[in-house]
Amino acid sequence: MMGRRQARPTSIITLNTASGATVENHAYPLRTPILALAFGLVQVQIATSASDHVTAAEVEFARQLAQQAQDFARCVERIHRRGVIAA
């Protein structure tokens, strides 16, 4: 689990997965990658702060993102296998 923040978030945006929601990693030979998440007409792109190098903090963030996405997938798969519709 990611560490707790000191301050509460000022806003929360919920993007629901549905038919057509996609996620793609765009790897480039001469720049850092971009992770694109598309939810209908809304797209979110995750990129490093610079296109030509990566900091240790960005590597840690990418690892946390991957771990949390894997945990999310496990939870969704478990519920899908049980046939439970989450409310």
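Starting from 1, each residue takes its place in the sequence as its number.
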K.L.:
Is it the case that the side chain of Gln43 and the backbone of Ala36 share a donor-acceptor pair, with hydrogens and angles ignored and the cut-off at 3.5 Å?
P.N.:
no
K.L.:
Look at the side chain of Thr48 and the backbone N and O of Ser51, then say whether any donor-acceptor pair between them is shorter than 3.5 Å.
P.N.:
no
K.L.:
Shortest non-hydrogen contact from Pro33 to Ala27?
P.N.:
CB-CA, 4.3 Å
K.L.:
Which heavy-atom pair separates Thr32 from Asp52 by the least distance, and what is that distance?
P.N.:
CG2-N, 4.5 Å
K.L.:
Heavy atoms only: give me the nearest Asn16-Phe39 pair and the separation to one decimal.
P.N.:
O-CD2, 3.7 Å
K.L.:
Between Leu15 and Val23, is there a shared hydrophobic cluster once you connect ILVMFWY residues whose side-chain heavy atoms come closer than 4.5 Å?
P.N.:
yes
K.L.:
Is the closest side-chain donor-acceptor distance between Gln64 and Gln68 under 3.5 Å?
P.N.:
no
K.L.:
Quick one: CZ on Arg31 to NE2 on His53, what's the gap to the nearest 0.5 Å?
P.N.:
12.0 Å
K.L.:
Side-chain contact, heavy-atom cut-off 4.5 Å: Leu35 with Leu65?
P.N.:
yes
K.L.:
Treating Ile, Leu, Val, Met, Phe, Trp and Tyr as nodes and any side-chain heavy-atom pair under 4.5 angstrom as an edge, say whether Phe61 and Val44 lie in one connected cluster.
P.N.:
yes
K.L.:
To check you understand the geometry: which heavy-atom pair defines the closest contact between Glu58 and Ala50, and what is its length?
P.N.:
OE2-N, 4.5 Å
K.L.:
Would you kindly confirm whether Tyr28 and Val54 end up in one hydrophobic cluster when ILVMFWY residues are joined by side chain heavy atoms under 4.5 Å apart?
P.N.:
no
K.L.:
Return the OG1 to CG distance between Thr17 and Leu37, rounded to the nearest 0.5 Å.
P.N.:
11.0 Å
